[in-house]
Protein chains: 2
Amino acid sequence: MATTRTDPLTLEVVDLIGTVVARYHDEYEEVAARYHLTGAQARVLGLLSMEPTAMRRIALKLKCEPSNVTGIIDRLEARGLVERRPDPADRRVKIAAATDEGRQTARELRDALHFAREPLAELSAEERRTLRDLLQRMLGAEAGA
Amino acid sequence: MATTRTDPLTLEVVDLIGTVVARYHDEYEEVAARYHLTGAQARVLGLLSMEPTAMRRIALKLKCEPSNVTGIIDRLEARGLVERRPDPADRRVKIAAATDEGRQTARELRDALHFAREPLAELSAEERRTLRDLLQRMLGAEAGA
DNA sequence: TATTGTTATACTCTATAACTATA
DNA sequence: TATAGTTATAGAGTATAACAATA
């Protein structure tokens, strides 16, 4: 393990991952901006297009304070992409849900996000499988540490 | 290529990359916060620890407007991590450079960033080489598109 | 005239703390 | 009393526009 810290090959891979992260992030922001959405708004809209979610759960998924979610949902709601619904089981809870228009926008956003999909076309199925397995082992490693 | 758009294997890899991006970003912010730096400040400090850079070039690397760099450098300079120097060749230009303390902090930040380095220890040298080559082909693909 | 860095302004995201309405 | 959501506030990043100094 000590050798892995400064191993040139490892540093090279770390650097490549940094590049992947930067490019992914840039493209995400750029696609969101095309729809006049911020990155945070696009992320929340994506979440809600999968399933309606209580405010507090959105904060957990975004790893931010619940108070911030209020403003993000406010702005999405003002544009008709999201609506607040009461939770029949607990009157304190408000559930945010994408409207039809919101789901449509989320779908278009997903389709516009070419990064990592177009480039992957360059790889064969065999290579994509290998990449998947390596990434899975990388991501799973921390649990066992 | 049309098949690659909805191919389950490709979507799986795209999803894994999304997870990598999220985890990388979270750890970066967390490590920066440990040093009472924001993500943007840590990124700029990292840049300047490599080489002194004119304000305008910093904006290009950060992909933001030059006016924003003023504030980021102001805050780093107020903490003694960075200093502004005149450019002898062009008196309009100001060159931002990390101080000794700034370079030390940048070094500690780099060392603290375990993500993608610790997990990679789980992979053999052969596997790391494979991962490197696949990522390189992914990233290089867009140039040819 | 064009360019560099800055200032001024406005918007969004962020955390903290206090508030409300429920539970 | 504890929890869900909100409001109020302040700090930071962002873009736009206008400005001074310099090229």
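Within every chain, numbering begins at 1; the chains are lettered A, B, ... in the order of the sequence lines, protein sequences first and strands thereafter.
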Does any part of the side chain of [Y], heavy atoms only, come nearer than 4.5 Å to the side chain of [X], both counted from C-beta?
X      : Y      : value
A:T19  : B:L135 : no
A:L131 : B:L16  : no
A:R75  : A:R79  : no

Out of [options], which has the shortest distance to the side chain of [X]?
X     : options               : result
B:D90 : D:dT22, C:dC13, D:dT6 : D:dT22
A:R56 : D:dT22, C:dA15, D:dA4 : D:dA4
B:N68 : D:dG5, D:dT14, C:dT16 : D:dT14

Distance in angstrom units between [X] [atom1] and [N] [atom2], rounded:
X     : N      : atom1 : atom2 : answer
B:D74 : C:dT7  : CG    : P     : 7 Å
A:L76 : C:dC11 : CG    : P     : 17 Å
A:R79 : C:dT12 : CZ    : P     : 10 Å
A:I72 : D:dT7  : CD1   : C1'   : 16 Å
B:D26 : C:dT14 : CG    : P     : 11 Å
B:Y28 : D:dG13 : OH    : P     : 12 Å
A:R92 : C:dA21 : CZ    : P     : 14 Å

Margin query: To check you understand the geometry: which heavy-atom pair defines the closest contact between A:A89 and A:D87, and what is its length?
Written below: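 So the minimum-distance heavy-atom pair works out to N-OD1, 2.8 Å.
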Check: For DNA chain C, whose closest nucleotide is more 5', that of A:R75 or that of B:R57?
Finding: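 On the 5' side of the pair lies B:R57.
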Next item on the list: Could you check whether A:D87 gets within reach of a base, just the sugar-phosphate, or nothing at all, counting any heavy atom under 4.0 Å?
Entry: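 No contact at all - A:D87 keeps every heavy atom at 4.0 Å or more from the nucleic acid.
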Item checked: Heavy-atom donor-acceptor pair, A:S67 side-chain to C:dT16 base, under 3.5 Å -> yes
Check: Does D:dA12 have OP1 or OP2 sitting under 4.0 Å from an N or O in the side chain of B:R43?
Finding: no
